[in-house]
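Heads up: the structure comes next, in structure tokens.
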Amino acid sequence: MLLRIRSRDGLERVQVGGPHVSISQLKALIESQFQIPIHNQTLSTDRNLLLAKTPADLLRFTDMSDPSRPLSSLNLSHGSVVFLYYQGERTVRGGPPVCPAGSFGRKMTMDDLIAKQTRITRQESPHCDSVSFDRDSANAFQRYVNETLVFAVKRGGFMYGTVSEEGRVEVDFIYEPPQQGMEDDLILLRDPEEEKLVDAIAAGLGRKRVGFIFTQTIMQDKKDYNFSNKEVLQAAELHAESRLKEWVTVVVKLEATEDGDADVHFEAFQMSDMCVKLFKEGWFVTEFGEDDDPKLSKMKKEVVVGGKDVKEVDNDFFLVVVKIIDHQGPLSSTFPIENRNNLVTMRTLKNHLDRTKSLPFVKRIADFHLLLFLAMSHGLGSDVPALAECVSTETAVPEGYQLLIESMANTS
């Protein structure tokens with residue numbers, strides 16, 4: 001029986017006697033073939049093992065901790081994947097033979113020399129200490145993709161907030177650009193003019209673009225990856241575009257629980273420095289074929305991973321885990337969100353203002369999505385950043401602006 005062993009070094013194979021083999025026997029085979037001492041091995045059928053950062057993280061993976069347990073009890077069979085975590089370094093066997101330079105072999109070009117020096121290893125620490133989500137904003141996003149889209153197609157958005165001196169990112173609202181979501185792909189139909197308005201409103205609110213959030217569909221949940229190759233490419237592109245070292249990429253997915261229910265789950269990452277560097281330098285293959293393994297990113301030239309020269313890199317090498325917390329921010333998220341399948345009119349604005357009439361006017365408009373609607377309505381774009389500053393500083397809205405907005409609402 002053949003088992004596939006996936007570690008930080010990629011995918012390797014080990015032959016075992018059958019499903020009756022115990023975990024301790026499997027570890028002995030791994031020690032013999034891969035030169036990893038048994039005491040340094042942590043095994044699991046959970047792919048999240050490869051994202052562990054501390055000894056405490058490893059304690060969560062207990063499904064293969066009993067050395068006497070047979071593989072059959074874990075439903076492992078021929079071709080199954082087992083995940084392996086270990087510390088330290090090793091030389092991976094099975095690399096390609098070395099071709100000498102000179103008249104008896106291929107001469108190495110400058111590109112070859114550069115490629116030989118390009119080693120891809122895991123980045124242990126993110127530049128971002130943590131990412132904190134405004135509860136209402138995060139809930140508005142997950143509720144739409146769960147209850148309306150039912151995780152059947154992908155959805156994405158740009159996160160806006162602040163970055164502290166300690167590297168903590170706080171997300172206060174999510175802007176959802178025009179887009180086309182599919183089962184395994186997400187095409188952003190970006191509108192430069194709309195994004196200029198968004199950035200201007202954000203600046204008035206004292207916020208800036210700090211990351212990207214996207215969903216994976218229920219069909220993707222059956223695949224064995226954290227990010228697909230398409231998602232790595234898109235995330236690397238947006239990270240590179242941002243020029244923000246604390247830029248965060250968040251994935252939202254539906255995960256089955258032990259009792260058969262399903263929970264919406266948020267996971268935050270940074271793309272590694274090496275990933276962003278390789279993207280900027282054009283190393284990634286950007287065309288995808290039907291037979292390509294979505295767990296692997298293809299390179300145009302060979303790179304060194306775990307001592308082997310390869311052209312395919314496990315996507316997990318490019319991900320750096322970021323801790324997620326939450327907070328209650330100063331903005332509301334009750335106004336209908338832009339670029340969804342809903343019609344937002346002046347009647348919508350009137351209903352919102354009527355619903356919040358007990359509040360000071362500055363609080364009634366303290367919603368990014370409402371401000372964007374105003375900016376895109378009746379040529380108010382240049383005035384809305386000033387309104388956003390009133391919201392940010394919690395100062396009274398000039399009477400002229402208040403009368404204008406109320407009259408717009410009353411035209412419905």
Can you find a heavy atom in the side chain of Leu370 that is under 4.5 Å from one in the side chain of Leu349?
yes
Check: Glu338/His369 side-chain N/O donor and acceptor closer than 3.5 Å:
yes
Whether the Tyr160 and Asp199 side chains hold a donor-acceptor pair (N or O, under 3.5 Å, no angle test) is what I'd like checked.
yes
Is the shortest distance from a Lys or Arg side-chain nitrogen in Glu195 or Arg209 to a carboxylate oxygen in the other one below 4.0 Å?
yes
side-chain hydrogen bond (donor to acceptor under 3.5 Å, both in side chains) evaluation trace for Asp66 with Ser68
CA-CA 6 Å; Asp66 181 356; Ser68 63; 2.9 Å; yes
Below 4.5 Å, heavy atoms only, C-beta onward: do Leu254 and Thr217 meet side chain to side chain?
no
Report yes if some heavy atom in the side chain of Ile337 is under 4.5 Å from a heavy atom in the side chain of Phe173; otherwise report no.
no
Between the side chains of Tyr144 and Glu176, does any donor sit under 3.5 Å from an acceptor?
no
Side chains of Gln216 and Glu231 only: does a donor on one sit below 3.5 Å from an acceptor on the other?
yes
Applying side-chain hydrogen bond (donor to acceptor under 3.5 Å, both in side chains), run through Tyr175 and Glu194 and close with a yes or a no.
CA-CA 10 Å; Tyr175 158 66; Glu194 184 170 296; 2.6 Å; yes
Is Arg207 salt-bridged to Glu170, cutoff N-O under 4.0 Å?
no
With a 4.5 Å cut-off on side-chain heavy atoms, are Lys363 and Thr356 touching?
no
Do the rings of His239 and Trp247 sit parallel, tilted or perpendicular, given the 30° and 60° boundaries?
tilted
Is Asp134 close to Leu331 at the side-chain level, that is, under 4.5 Å between some pair of heavy atoms?
no
When you compare the side chains of Asp326 and Ser132, does any donor N or O come within less than 3.5 Å of an acceptor on the partner?
no
Salt bridge check: are Glu241 and Arg190 linked by an N-O gap of less than 4.0 Å?
yes
For residues Glu389 and Ser392, is any side-chain donor paired with an opposing acceptor at under 3.5 Å?
no
Indicate whether any N or O donor in one side chain lies under 3.5 Å from an N or O acceptor in the other, for Asp367 and His352.
no
Any carboxylate oxygen within less than 4.0 angstrom of a Lys/Arg side-chain nitrogen, looking at Asp273 and Lys277?
no
Could you check whether Lys154 pairs with Asp185 (Lys NZ or Arg NE/NH1/NH2 to Asp/Glu carboxylate O, under 4.0 Å)?
no
May I ask you to test the Leu296-Val313 pair for a side-chain heavy-atom distance under 4.5 Å?
no
Tell me whether the centres of the aromatic rings in Phe214 and Phe227 are closer together than 6.0 Å.
yes
Taking Arg4 first and then Glu12, would you say they form a salt bridge - that is, a charged N and a carboxylate O separated by under 4.0 Å?
no
For Asp316 and Asn226, which I'm curious about, is there any donor-acceptor pair between the side chains at under 3.5 Å?
yes
Are the side chains of Phe151 and Val252 in touch, meaning some heavy atoms are under 4.5 Å apart?
yes
Do Leu76 and Val82 have side-chain heavy atoms sitting under 4.5 Å apart?
yes
Do Arg168 and Asp129 meet the salt-bridge criterion of a basic N to acidic O distance under 4.0 Å?
no
Looking only at side-chain N and O atoms, does Asp63 offer a donor or acceptor that is under 3.5 Å from a partner on Thr45?
yes
